[in-house]
Amino acid sequence: MPELPEVETVARQLDRRMRGARLRDITVLDRKLSTDVLEATGGRIVRIYRSGKQVVFELGFGRAAPRFLVVHLRMTGRLVWTDQKGSYDSEGMMTNDGFDASTKSLRAKLRFDRGELFFFDTRRFGTLTHHSNVSDFAPRGVEPLSADFTTEQLHAMLRRAKQGVKAFFMRQDRIVGVGNIYASEILFRAGVSPKRSCHTLKRAEIEKLYAALRKVLSDAIAHSGTTFSDYRDSHGKSGSYQFRLAVYDRQDETCRKCRQAKIRRIVQQQRSTYFCPTCQR
DNA sequence: ATTATATCCTGATCGC
DNA sequence: TGCGATCAGGATATAA
């Protein structure tokens, strides 16, 4: 489900609501999850932030070393925070009254002094892990929105890569955060065909890709990410970037830029890629 | 060393 | 309505 903008949105919302809360009790309901996470019991939330596509809960233990709970939502993971004010769903929903956690996709419950955090995940690809050191869960790739990520760096990475440009942008060991939706969107914005190989890209194209990467991700964050399911009946906090998607999931629809060509869908690495054959070369 | 493929899971949707 | 096939916003172990 979530790529960088969605995970950033979740982390910000949870940080605002949960910072300072004391973790009283953890219930692990899915055997796939390690019970190591119980070691975080008793900690107080110092902050919640995003690292790559992970949500990181930093827990303080007085003078003792901090510990970290790390959630990766993968395809279908959701985090729901509930307190006296209501429930906040990481898909962007605010549910005013009684939240029902009685579903089989519930994989873990974290009870705090001020509320409760539920981890749902229907496909069970998601992970919840416990770590004592930041380096143990740090992604290998660079953060695309960080100040020290430069167009020179992207240029160097692309020159080394021998694969297609779309596959490259989805590699988390080079640049973190881009998934299947934003890969198509970034290539569209840069005017680069997804069929291109990295080593054929010219300097000017790489500069466009760099700008598109940062612009698409930061715009999506500004709109609280992309929400596919539930956005119709969501209240307020729901992501709205799905209305700004230029190509993703728009097969056979007219291109919003040239207003001529129809958006095409092809399959690359068994994933859907969407592009405009006119605007992208 | 790098890059394709198979695999982990469940549920919604599609075509017959 | 039923049923099998196909499709999902991710990442990794394994194979080539």
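All figures in this text were calculated on a predicted structure; none of them were measured in a lab. Every chain is numbered from 1, with letters handed out A, B, ... down the list of sequences.
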Categorize [X] for me: base, sugar-phosphate, or nothing, with a 4.0 angstrom heavy-atom threshold over every strand shown.
| X | value |
| --- | --- |
| Y248(A) | sugar-phosphate |
| S105(A) | nothing |
| A167(A) | nothing |
| R160(A) | nothing |

Interatomic distance, [X] [atom1] vs [N] [atom2] [rounded to whole Å]:
| X | N | atom1 | atom2 | result |
| --- | --- | --- | --- | --- |
| D30(A) | dC8(B) | CG | C1' | 12 Å |
| Q269(A) | dA6(B) | CD | C1' | 14 Å |
| Q54(A) | dA11(C) | CD | C1' | 11 Å |
| F169(A) | dT3(B) | CZ | C1' | 18 Å |
| Q268(A) | dA4(B) | CD | C1' | 13 Å |
| R31(A) | dC9(B) | CZ | P | 14 Å |
| K166(A) | dG10(C) | NZ | C1' | 12 Å |
| H72(A) | dG9(C) | NE2 | P | 14 Å |

Tell me if the centroids of the rings in Y248(A) and Y182(A) come within less than 6.0 Å of each other.
no

Please find the pair of heavy atoms, one from L245(A) and one from R256(A), that lie closest to each other, and give the distance.
O-NH1, 3.0 Å

Shortest non-hydrogen pair, H155(A) vs I206(A), comes out as CD2-CD1, 3.4 Å

T273(A) versus Q268(A), side-chain donor and acceptor atoms under 3.5 Å:
yes

Side-chain N or O of [X] less than 4.0 angstrom from OP1 or OP2 on [N]?
| X | N | answer |
| --- | --- | --- |
| K32(A) | dC8(B) | no |
| R265(A) | dA8(C) | yes |
| R124(A) | dT10(B) | yes |

For a stem of at least 3 consecutive Watson-Crick or G-U pairs with distances under 3.5 Å, i pairing with j, i+1 with j-1 and so on, which stems involve DNA chain B?
B:2-8 with C:10-16, B:10-16 with C:2-8

Does the distance from a Lys or Arg side-chain N to an Asp or Glu carboxylate O, for [X] and [Y], drop under 4.0 Å?
| X | Y | value |
| --- | --- | --- |
| R203(A) | E152(A) | yes |
| R17(A) | D83(A) | no |
| R22(A) | D113(A) | no |

Stacking check: are the rings of F125(A) and dA11(C) less than 5.5 Å apart at their centres and under 30 degrees in tilt?
no

In whole angstrom, give me the gap between the [atom1] atoms of [N] and [M].
| N | M | atom1 | value |
| --- | --- | --- | --- |
| dG11(B) | dT12(C) | P | 24 Å |
| dT5(B) | dC7(C) | P | 15 Å |
| dG9(C) | dC14(B) | P | 15 Å |

Among the clusters formed by ILVMFWY side chains lying less than 4.5 Å apart, do F68(A) and V55(A) turn up in the same one?
no

DNA chain B: Q270(A) or R171(A), which has the more 5' nearest nucleotide?
R171(A)

Is any N or O donor-acceptor pair between the side chain of R123(A) and the base of dC9(B) shorter than 3.5 Å?
yes

Answer yes or no: side-chain N or O of R271(A) and base N or O of dA8(C) forming a donor-acceptor pair under 3.5 Å.
no

Candidate nucleotides [options], ranked by approach to the side chain of [X] - the nearest:
| X | options | value |
| --- | --- | --- |
| K104(A) | dG11(B), dT2(B), dG10(C) | dG11(B) |
| Q163(A) | dT3(B), dG11(B), dA8(C) | dT3(B) |
| E6(A) | dA8(C), dA11(C), dG9(C) | dG9(C) |

Answer yes or no on whether R67(A) is positioned over the face of F61(A), meaning its NZ or CZ is under 6.0 Å from the six-membered ring centre and within 45° of the axis.
yes

